[in-house]
Amino acid sequence: MARQPNRMQQAVNFPLDWLEERSGLVGGVRYFLFRKVPGDTNWMQTLGSATLTAFLVQTITGVILAMYYQPTPKDAYSSIQNITDHVTMGWLVRGMHRWGASVFIILMFLHMGRVFLFGAYKYPRELNWIVGVLLLVMGMMEGFTGYLLPWDQTAYWATVVGINLNGTAPFLGPWLAQFLRSGQEIGGETLTRFYSLHMLLIPGAIIGLITLHLYLVIRLGVTSPPWSKEAAGQERAEEPSTARAGLTRPVARGGAVGGQD
Ligand code: HEM
């Protein structure tokens with residue numbers, strides 16, 4: 001009986017050791033999970049992860065939709081109807097993708113607001129702010145290109161307005177409008193181009209930028225809130241209480257309650 005857990009441990013450790021020896025990945029993940037963050041990190045600092053979760057939901061539901069959607073003027077609208085009315089749980093996946101797009105954009109703005117209010121864009125995190133701005137632009141481009149795909153009246157005319165707006169930009173405007181339309185008129189080629197941008201180019205760019213963004217978050221560490229006494233270089237007046245601080249301050253699980261042992 002006593003040897004059982006040992007064998008179990010070996011069975012778990014063997015592949016992990018194998019991987020670690022050849023890649024260092026396990027150590028990397030351990031560093032990521034157990035790295036230190038400021039003691040007064042709070043719920044507002046989860047907005048970045050919430051944005052990431054929304055993006056993952058968009059990716060998963062988008063891949064499922066792409067299995068049924070047909071990007072041609074003749075079939076686009078009917079394939080969307082088919083997804084909504086006939087594909088098993090299609091209405092749910094489509095609904096999650098459609099509403100999730102707004103959730104993703106709103107969360108991005110809330111996260112950006114938190115970063116701004118905490119002054120977390122200042123040295124040495126300016127580069128991460130710039131990466132964030134690119135993510136914001138890419139996120140909105142995702143929304144714009146996705147809106148045309150149902151190929152109904154709303155989609156068509158919203159895209160006409162969007163492309164005309166882009167066309168009024170100085171110098172690059174006309175070229176940009178031509179590029180988005182893929183010609184002089186909005187038609188089948190515009191739809192194919194928007195689909196390619198929406199499901200290949202822009203998500204690829206977003207994934208690359210998120211990787212860089214998270215690398216910088218881990219490298220530079222998370223900013224303390226502006227009211228943090230520790231961040232201002234002051235000593236803690238008292239040892240932090242081990243009492244459960246509610247949901248806003250993390251405490252070790254299973255720790256003493258009410259300051260007792
Ligand atoms: C796809 C969109 C985005 C994702 C998935 C994302 C994800 C994250 C995550 C997980 C963090 C660490 C935890 C946190 O502070 O919340 C973070 C931090 C940060 N993000 Fe974003 N972010 C996105 C967009 C943006 C935007 C639009 C900006 C600003 C223009 C931005 C600027 C920053 C900065 C400066 C930090 C460092 C904050 C600190 O050290 O306290 N991010 N991001």
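Keep in mind that this is a model prediction, so the values were computed, not measured. Any value given below was found using the heavy atoms of this structure, including those in side chains, with hydrogens, waters and symmetry copies removed. Each ligand, and each atom within it, is numbered from 1 in the order the structure gives. Positions are given from 1, in the same order as the sequence printed here.
Heavy-atom proximity to Ala120, at under 4.0 Å, picks out these atoms of ligand 1: 35 (C), 38 (C), 39 (C), 41 (O). Of all atoms in ligand 1, listed by their number and element, those nearer than 4.0 Å to a heavy atom of Met112 are 29 (C), 30 (C). Using a 4.0 Å cut-off to heavy atoms of Val217, the atoms of ligand 1 that qualify are 11 (C), 12 (C), 17 (C), 18 (C). Near Phe104, meaning under 4.0 Å from one of its heavy atoms, ligand 1 places the atoms 1 (C). Applying the 4.0 Å criterion to heavy atoms of Met108 picks out, from ligand 1, the atoms 2 (C). Close approach of ligand 1 to Arg114 (heavy-atom distance below 4.0 Å) involves ligand atoms 14 (C), 15 (O), 16 (O), 38 (C), 39 (C), 41 (O). For ligand 1, the atoms closer than 4.0 angstrom to any heavy atom of Gly221 are 40 (O). The distance from ligand 1 to the heavy atoms of Val133 drops below 4.0 Å at these ligand atoms: 30 (C).
At least one donor-acceptor pair closer than 3.5 Å links the side chain of Ser79 to the backbone N or O of Gln70. Of the possible donor and acceptor atoms, none in the side chain of Arg125 sits under 3.5 Å from a partner among the backbone N and O of Asn128. In this structure a side-chain-to-backbone donor-acceptor pair under 3.5 Å is present from Tyr69 to Leu149. The backbone N or O of Asn42 sits less than 3.5 Å from a side-chain atom of Gln45, completing a donor-acceptor pair. Between the side chain of His198 and the backbone N or O of Glu142, at least one donor-acceptor pair lies under 3.5 Å. With hydrogens and angles disregarded, no donor-acceptor distance shorter than 3.5 Å links the side chain of His97 to the backbone of Thr61. Using modelled atom types, one side-chain atom of Arg193 and one backbone atom of Phe179 make a donor-acceptor pair closer than 3.5 Å.
Looking only at protein heavy atoms, the nearest one to atom 32 (C) of ligand 1 is His213 CE1, 3.5 Å. With hydrogens left out, the protein atom closest to atom 25 (C) of ligand 1 is His111 CD2, 3.4 Å, a heavy atom. Looking from atom 28 (C) of ligand 1 to the surrounding protein, the closest heavy atom is Gly132 CA, 3.4 Å. Protein heavy atom closest to atom 41 (O) of ligand 1, with residue, atom name and distance, is Thr223 OG1, 2.7 Å. Remark: minimum distance from atom 35 (C) of ligand 1 to any protein heavy atom is reached at Val115 CG1, 3.4 Å. Protein heavy atom nearest atom 36 (C) of ligand 1, with residue, atom name and distance: Asn128 ND2, 3.8 Å. When hydrogens are left out, the protein atom nearest atom 14 (C) of ligand 1 is Gln45 O, 3.3 Å; that is the closest non-hydrogen contact.
The shortest N or O to N or O distance between Tyr121 and ligand 1 is not below 3.5 Å. The shortest N/O to N/O separation between Arg125 and ligand 1 falls below 3.5 Å.
Of the options Gly48, Gly113, Ala50, the smallest heavy-atom separation from atom 9 (C) of ligand 1 is shown by Gly48.
In this structure the side chain of Thr192 never reaches within 4.5 angstrom of the side chain of Pro71, judged on heavy atoms. Counting heavy atoms from C-beta on, the side chains of Trp129 and Lys122 never come closer than 4.5 Å.
Under a cutoff of 6.0 Å and an axis angle of 45°, Arg114 and Phe118 form a cation-pi pair.
Results of the side chain to side chain contact (heavy atoms under 4.5 Å, CB included) test with Thr159 over Leu191, Ile186, Thr145 single out Ile186 as the only residue that passes. Partner of Gln153 under the side chain to side chain donor-acceptor pair (under 3.5 Å) criterion, chosen from Trp157, Tyr156, Trp151: Trp157.
Not a single heavy atom of Phe55 sits under 4.0 Å from any atom of ligand 1. The shortest separation from a heavy atom of Ser49 to ligand 1 is under 4.0 Å, placing the residue in contact.
Taking the six-membered ring for Trp and the full ring otherwise, the centers of Tyr147 and Phe194 sit at least 6.0 Å from each other.
For Leu214, every heavy-atom contact with ligand 1 shorter than 4.0 Å involves the side chain, none the backbone.
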